[in-house]
Number of protein chains: 2
Amino acid sequence: MTPRATVYDVARAAGVSIKTVSRVVNGSDEVSKETRERVMTAVADLDYVRNPIARSLRTGSSDTIGVVVDSIADPFFASLVSVVEQLALAQDVSVLIASTGRSVSREKGQVLRLLQQNVGALLLAPNGHDHRYLLDAAPGMPIVLVDRGWELPGFDTVGVEDEDGGLRATRHLLAHGHRRIAFLGESPELTTIVHRQQGYLRALAEAGLAPAPELVRTDCSVAAAAAEATEQLLRLPQPPTAIFSSNPRASLGVVSALHRADRLDVALVSFGDFDLADALRPAVTVVDQDPGPLAQAAAVRVLARMRGQRLPPEDIVLPLQLVERGSGELRP
Amino acid sequence: MTPRATVYDVARAAGVSIKTVSRVVNGSDEVSKETRERVMTAVADLDYVRNPIARSLRTGSSDTIGVVVDSIADPFFASLVSVVEQLALAQDVSVLIASTGRSVSREKGQVLRLLQQNVGALLLAPNGHDHRYLLDAAPGMPIVLVDRGWELPGFDTVGVEDEDGGLRATRHLLAHGHRRIAFLGESPELTTIVHRQQGYLRALAEAGLAPAPELVRTDCSVAAAAAEATEQLLRLPQPPTAIFSSNPRASLGVVSALHRADRLDVALVSFGDFDLADALRPAVTVVDQDPGPLAQAAAVRVLARMRGQRLPPEDIVLPLQLVERGSGELRP
DNA sequence: CGAGCCGCTGACAGCGTTGTCACGGACGTC
DNA sequence: GACGTCCGTGACAACGCTGTCAGCGGCTCG
């Protein structure tokens, strides 16, 4: 392996100073056409590529974007990261990943770690409610909050109409005759879930129903917990005839439990699609929260900011679609 | 935001030279106890952290590991990346991701890009067969090939007993009375799939059966293609009574197609587990290829090498387990 | 015709770190 | 007492790049 060419090599080959090489490879316009061409030839000949590390040390920034999510293993975030990586690659931007495991303190640690690595931008699915630390830890850094974190003005946010989704899912079940509808959620730390639950409650209120506390579970952060919760719900003296599962991880658990208990008569709407949802019998009706467009919007935004575009912070809210497949149309 | 403290600040505070600070924070043992303590106090007082970028520029390496896989969106690789990231985090190592989309040239480009970023190690699920370019592009770099790439000596490899898995899956179906067993695979570029197919063929041969060409599909790289292939298989004059799907992505397609066609009598064994495989009716029998231990083994290995441990290259082959759940035990 | 400006270019410093090398003092050896 | 050795330490350069500033030639303008 021959060592990479540096600006000095190119400068020597082109008969110019290293500064001029720097100007050319950075697309500065204050270089004459002839000089530029001479340098470009040398660059091509020597197969020169800018050293991103030296660049980063000098400038204090870099063409790397830090992506901080709960877990890369979660299909939702996996898709998100995948899309971001694809779009980043197209602009020669690298992606550093960091997982929070839903922990506020770990999130903070990860963000600080990424900042030390001079990332040029951050894509963050935030935990908890207080993200002011971002303001003084990383002033001026392009930051896009994705999926969650509405309460923090000053940053771009990209998410979906959580409350509306919860509302429509619940209305859908009500419209099919259900009166005892369970809600499966998780930590009240997650603004998305809270909003979905608000939609659920609003739909019930519209229908003149009082929410039944025993039908609301907020401890279903993993599939197994949701399965367990489902079993318990089915054992209630007055069990639910329908379930609104507020995230796809929980839905996996619900589906497992319903199949195991042979209770395929229980209606189900899932917030968030998942693999095989349409292959099951009955196929699962979902409020489709596709990570693709979400990630796309977030990535486009953050990449634009990285390129130096000055944009006013914006809250992008993507619409949702209710996909009827069968499980949500069962009658009690 | 106050700017981070540098070695100079620490040196001044501790009354030593910057070099001594460097020695202390790098755990060099040629520093007297008193000096070390003085420096450590200053480090703590000033909240000093090494600047990884400057470090990387100076040393030509870094505490970052590059992970190159087909796609982060694939649950198998998502789990893998997730495990690697967790273990890396515990050692303050960062993870840069890069996807190949199964393209040999894109893989090469991504690897070179990561090398420019001074990654300290590479974890690679290789495409194609020729990886000698790694030898001169990154001599001496810790590289672990994961899941695939057996034909390349000189690197660590971590994988599973692909042929044995294919053998056992097919034997299992044969033992349950099947004689027409379809094989769903994909590109012959993927050594894993090829080996699984060899296992399939060997099992057939053991049973004295000639392989039926029309039952072997090697075009099922995505779920939709596998679904399509399944439908075509079922329409054959002599359709298969069992299917061996050689990867979980294909299995999703098979399951969808079987459910859609209401042909739940067709036996199925999947190489690789997937969500809901145990919730379906019948639940899907799998050769369990858990990405967890695979990733763990690979990560442990690569991290050890990054810490400078000199280890002879090793081929780690993890055992597989056949998980009977129902679909593989159906009789024709 | 000199002052001022503009377009292009280069010398140099410095980002924060680690590798090289040299030095002073303590100690052991003959 | 002269010498070599070892330990702890520091001065300095360098990694490859970009920001600052200055310089140079040619132009316009009063």
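Everything quoted here is computed from the prediction, not taken from an experiment. By convention in this document, chain letters (A, B, ...) are assigned in the order of the sequence lines, proteins followed by strands, and residues within each chain are numbered from 1. Values below: all heavy atoms of this structure, side chains included; hydrogens, waters and symmetry mates excluded.
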Ignoring backbone atoms, test whether [X] places a side-chain nitrogen or oxygen under 4.0 Å from the OP1 or OP2 oxygen of [N].
X       : N      : result
A:Asn26 : D:dT18 : yes
B:Ser17 : D:dG10 : yes
A:Ser22 : D:dT18 : yes
B:Ser32 : D:dT9  : yes

Donor-acceptor pair between [X] and [Y] side chains, under 3.5 angstrom:
X        : Y        : value
A:Asp63  : A:Gln91  : no
A:Thr64  : A:Gln117 : no
A:Gln110 : A:Arg113 : yes

Distance, rounded to the nearest Å, where [X] contributes [atom1] and [N] contributes [atom2]:
X        : N      : atom1 : atom2 : result
B:Arg36  : D:dC7  : CZ    : C1'   : 14 Å
B:Ile53  : D:dG16 : CD1   : C1'   : 13 Å
B:Arg50  : D:dC15 : CZ    : C1'   : 17 Å
A:Gln116 : C:dT17 : CD    : C1'   : 14 Å
B:Leu57  : D:dA13 : CG    : C1'   : 13 Å
A:Leu46  : D:dG16 : CG    : P     : 14 Å
A:Asp63  : D:dT18 : CG    : P     : 11 Å
B:Asn118 : C:dG16 : CG    : P     : 18 Å

Sugar-phosphate only, base, or nothing, as touched by [X] at under 4.0 Å among non-hydrogen atoms:
X       : value
A:Thr20 : sugar-phosphate
A:Arg23 : base
B:Val31 : sugar-phosphate
B:Ile18 : base

Nearest-nucleotide check on DNA chain D, B:Lys19 vs A:Tyr48; residue mapping nearer the 5' end is B:Lys19
Donor-acceptor under 3.5 Å (B:Arg148 side chain, B:Asn127 main chain):
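Checking the backbone N and O of B:Asn127 against the side chain of B:Arg148, no donor-acceptor pair under 3.5 Å is found.
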Under the 3.5 Å rule, do the base of C:dT17 and the side chain of B:Arg58 count as making a donor-acceptor pair?
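No, no donor-acceptor pair under 3.5 Å.
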Which nucleotide, D:dG16, D:dT18, D:dG10, lies nearest any side-chain atom of B:Val16?
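Closest nucleotide to the B:Val16 side chain: D:dG10.
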N-O pairing of B:Arg50 and B:Asp92 below 4.0 Å:
no
